[in-house]
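In what follows, every heavy atom counts, from backbone to side chain, and hydrogens, waters and symmetry copies are set aside. Just so we're on the same page: letters track the sequence lines, and every chain starts at 1.
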Amino acid sequence: GEDVEQSLFLSVREGDSSVINCTYTDSSSTYLYWYKQEPGAGLQLLTYIFSNMDMKQDQRLTVLLNKKDKHLSLRIADTQTGDSAIYFCAENASGTYKYIFGTGTRLKVLA
Amino acid sequence: NAGVTQTPKFRILKIGQSMTLQCTQDMNHNYMYWYRQDPGMGLKLIYYSVGAGITDKGEVPNGYNVSRSTTEDFPLRLELAAPSQTSVYFCASINEDRVGTGELFFGEGSRLTVL
């Protein structure tokens with residue numbers, strides 16, 4: 001079945017870049033996503049990438065996809081304290097309408 | 001705009017009790033989902049629905065039931081609560097033509113504790 005793995009914690013200093021990594025198992029996933037969850041709230045979509053792309057940039061966010069290794073990463077440039085949150089990688093399981101989420105990475109930004 | 005509304009926000013149940021978590025969306029979305037979130041485990045899909053009258057099991061459906069009699073409502077029922085069902089539950093919805101974008105709308109969550 002589908003599985004999405006992430007490291008649980010990441011700590012960076014304000015102004016540095018953050019890189020959050022994710023591995024997935026379903027090689028036929030058409031879309032891959034990054035969501036952000038702030039304390040006490042539901043998830044919000046940050047960005048997504050189509051599986052035929054290697055990279056997508058959206059302001060401070062850069063998504064890299066290595067389809068061969070089934071590896072997805074999210075880079076946040078100039079990380080701010082407001083970026084402190086849990087970040088989830090997710091895939092759209094091929095041929096279904098299911099979204100499978102990773103374990104989430106808690107990003108802590110130190111002032 | 002209300003979006004996705006979940007009730008209750010908090011609930012404590014005794015082992016063996018039953019309850020229903022309510023989820024309503026006012027965006028006329030076809031697809032609705034129930035997830036549970038446990039620390040270090042991420043979100044696990046319990047059940048989902050692609051339209052009124054149609055429901056399907058997700059990754060962790062045991063101990064839960066759902067129904068979808070209208071487009072707006074997707075209640076989640078726990079029949080015999082167990083401590084393993086202590087979790088935060090999220091309802092989400094998306095319109096059919098946005099499925100690829102992953103632009104899910106999430107409720108604020110319902111925190112359930114079973115003692």
Counting neighbours of [atom1] on [X] that are heavy atoms of other residues, nucleotides or ligands and sit closer than 6.0 Å, is the number greater than 12?
X: B:Ile54; atom1: CD1; answer: yes
X: B:Met41; atom1: CE; answer: no
X: B:Gln22; atom1: CD; answer: yes

Derivation and outcome, side chain to side chain contact (heavy atoms under 4.5 Å, CB included), residues A:Thr47 and A:Tyr33: CA-CA 6 Å; A:Thr47 187; A:Tyr33 311 92; over 6 Å; no
Output the option from [options] having the highest count of non-hydrogen pairs under 4.5 Å with chain A.
options: B:Val88, B:Asp56, B:Thr101, B:Val50; result: B:Thr101
options: B:Gly42, B:Gly100, B:Gly109; result: B:Gly100
options: B:Gly102, B:Ala92, B:Gly58; result: B:Gly102
options: B:Tyr31, B:Phe90, B:Tyr48; result: B:Tyr31

Side-chain donor-acceptor pair present, A:Tyr35, A:Tyr99, cut-off under 3.5 Å: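 No pair is found: no donor N or O on one side chain lies under 3.5 Å from an acceptor on the other.
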Greatest number of heavy atom pairs closer than 4.5 Å to chain B - which of A:Leu32, A:Thr103, A:Ile86: A:Thr103
Interchain contact, [X] with chain A, by part (heavy-atom threshold 4.5 Å):
X: B:Gln37; answer: side chain
X: B:Tyr35; answer: side chain
X: B:Val99; answer: both
X: B:Leu45; answer: side chain

Donor-acceptor contact present, side-chain B:Thr86 to main-chain B:Thr113, <3.5 Å: no
Which bit of [X] comes within less than 4.5 Å of chain B, counting heavy atoms only: side chain, backbone, both or neither?
X: A:Gln37; answer: side chain
X: A:Phe50; answer: neither
X: A:Phe88; answer: side chain
X: A:Leu43; answer: both

Ring-face cation of B:Lys57 near B:Tyr47 (centre distance under 6.0 Å, axis angle within 45°):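 Verdict for B:Tyr47: no cation-pi partner in B:Lys57.
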Note: A:Asp58-A:Lys56 ion pair, threshold 4.0 Å (strictly below): no
Mutual orientation of the aromatic rings belonging to B:Phe105 and B:His29 [parallel < 30°, tilted 30-60°, perpendicular > 60°]: tilted
